[in-house]
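Just so you know, ligand 1 is whichever comes first in the structure, and atom 1 is the first atom listed for that ligand. Every heavy atom of this structure was used, including side-chain atoms; hydrogens, water molecules and symmetry mates were not.
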Amino acid sequence: VAMLGALSGGGISLAAFLYRYGSRSFSEKIRQAIEGGRLTLVYQPLVRIHDRQMVGVEALARLTDEYGEDIAPDVFIKVAEEGGFIDRVARIVIRTALKEMRSRLKATAGFHCGINLSTGDILDETLCDFLDREVKSHGLEPSQVVLEVTERATADPEQLIGSMEKFRQRGYAFYLDDFGTGYSNLAYLAHLPISGIKLDRMFTQAIGKEAMGSTIAENVCAVAKALNLQLIVEGIETEEQAQYIDRLSPAAIGQGWLYGRPVPAEKLRK
Ligand code: C2E
Ligand code: CA
Ligand code: CA
Ligand code: CA
């Protein structure tokens, strides 16, 4: 009745009403799925291109609704960010990833687990302590966790860099995710406390097809080298793409269907 009253009062259009209340219940549905234990993780191998050695994994979140239907990660992550409960996602992901990857992280020297963080997570004052507690409780080292952060700077750069420094001081490394799709310039890049850049798959997929794609890949390889950053190339699907990157940057790490799709922990190859 109150809703109808709001409608007839003329304060809100029907479209706005549906948008607001429709999206609120969608957001509520996603929150419930997360709290109800329907957030799981899959892992995708990170492979040294030159010798195909698996050097780590990236944890990727999956969510299903009450009917078992998948909700796309790009969708529920955005909804969680906008709904103010991305902190719950981050904590569940950290806890689950460390638990599921513990034995692998312990068994293989230098092996690391990548975890995606939203800007809000990095600015979250309490997340670093949470992460520290989880890492210690599993007998792991901070250096075994790499935090992936995108360059879509929705936050004040100074503030973001300050928060990243805090994680860094405790031994966590950052990779700049989806590199090339944002707008960070070289001066900004040089100031970010990161140890690697992940070339977005958009550019990888243009290798051998569009002159532009190859040019960008070449330039990003050069930038990584000049700034002494680890290069990770996303979305490698073909042998041709892998060989192209290997010629440009023999130390590059690759990720993509050529090496393995994201799979549950127990299906990850040895
Ligand atoms: P991302 O971090 O860039 O993750 C890489 C995406 O590329 C993944 O999509 C992965 O499945 C896909 N991919 C990997 N290799 C290939 C390939 O060879 N070809 C193609 N076509 N695609 C490939 P996914 O799992 O759908 O994740 C989408 C995005 O959702 C991620 O992009 C990340 O930004 C976000 N996300 C996932 N998990 C989390 C999380 O735990 N926290 C936060 N904040 N964001 C997350
Ligand atoms: Ca990522
Ligand atoms: Ca990415
Ligand atoms: Ca992405």
Any idea which atoms of ligand 1 are less than 4.0 Å away from a heavy-atom of Gln44?
14 (C), 15 (N)
Can you check whether Glu218 reaches Tyr244 side chain to side chain, under 4.5 Å on heavy atoms?
yes
Can you list the atoms of ligand 1 that are under 4.0 Å from a heavy atom of Pro262?
11 (O)
Salt-bridge test for Arg91 and Asp121: reply yes if a basic N is under 4.0 Å from a carboxylate O, no otherwise.
no
Which side-chain N or O atoms in residues 247-259 pair as donor and acceptor under 3.5 Å with protein atoms at least two apart or in another chain?
| residue | atom | partner | partner atom | Å |
| --- | --- | --- | --- | --- |
| Gln255 | OE1 | Lys198 | NZ | 2.8 |
| Gln255 | NE2 | Gln44 | OE1 | 3.0 |
| Gln255 | NE2 | Glu58 | OE1 | 2.7 |

Side-chain touch Gln241/Glu237, heavy atoms, less than 4.5 angstrom
yes
Ser118: numbered ligand 1 atoms lying under 4.0 Å from its heavy atoms
44 (N)
Please answer: with hydrophobic residues joined when any side-chain heavy atoms are less than 4.5 Å apart, are Ile115 and Val146 in the same cluster?
no
Which ligand 1 atoms are under 4.0 Å away from a heavy-atom of Glu58?
2 (O), 4 (O)
Check whether any N or O atom of Arg201, backbone or side chain, sits under 3.5 Å from an N or O atom of ligand 1, and answer yes or no.
yes
Looking at Asp65, is its backbone amide N or carbonyl O close enough to the side chain of Glu69 to form a donor-acceptor pair, meaning the two atoms are under 3.5 Å apart?
no
Is there at least one pair of N or O atoms, one from Glu237 and one from ligand 1, spaced under 3.5 Å apart?
yes
Basic-acidic side-chain contact under 4.0 Å: Glu35, Arg31
no
Ligand 1 to Val93, heavy atom cutoff 4.0 Å, flagged ligand atoms 41 (O)
Are the charged groups of Glu100 and Lys267 less than 4.0 angstrom apart, N to O?
no
Could you point out which residue of Thr150, Ile197, Leu229 forms a side chain to side chain contact (heavy atoms under 4.5 Å, CB included) with Phe179?
Ile197
Any nitrogen or oxygen of Ala59, side chain or backbone, less than 3.5 Å from one on ligand 1?
no
Hydrophobic cluster identity match, Leu123 and Met164, side-chain contacts under 4.5 Å:
yes
Restricting to under 3.0 Å, identify the protein N, O or S atoms around the Ca ion (ligand 2) as residue plus atom.
Glu58 OE2, Asn116 OD1, Glu148 OE1, Asp177 OD2
Counting both backbone and side chain atoms, is some N or O of Glu81 under 3.5 Å from an N or O of ligand 1?
no
Per-atom contacts, ligand 1 versus Gly256 - under 4.0 Å to a heavy atom:
15 (N), 18 (O)
Mind checking whether Arg62 has a heavy atom under 4.0 Å from ligand 1?
yes
Rounded to the nearest 0.5 Å, what separation is found between the CG atom of Leu176 and the CD1 atom of Ile232?
9.5 Å
Identify, by atom number and element, the atoms of ligand 1 in contact range of Asp178, meaning under 4.0 Å from any of its heavy atoms.
3 (O)
Is the shortest heavy-atom distance from the side chain of Glu234 to the side chain of Asp178 under 4.5 Å?
yes
Which option, Pro73, Ala90, Ala80, owns the non-hydrogen atom nearest atom 26 (O) of ligand 1?
Pro73
Quick check: does Glu148 get an N/O under 3.5 Å from an N/O on ligand 1?
no
For the pair Thr204 (side chain) and Ile236 (backbone), establish whether a donor and an acceptor sit closer than 3.5 Å, ignoring hydrogens and angles.
no
Report yes if the side chains of Asn116 and Ile77 come closer than 4.5 Å at any heavy-atom pair, otherwise no.
no
From the candidates Thr181, Asp70, Leu258, Asp177, the one that places a heavy atom nearest atom 2 (O) of ligand 1
Asp177
Record the part of Asn116 in heavy-atom contact with ligand 1 below 4.0 Å; permitted values are side chain, backbone, both and neither.
both
Please work out, at 4.0 Å between heavy atoms, whether the side chain, the backbone, both, or neither of Glu234 comes within that distance of ligand 1.
side chain
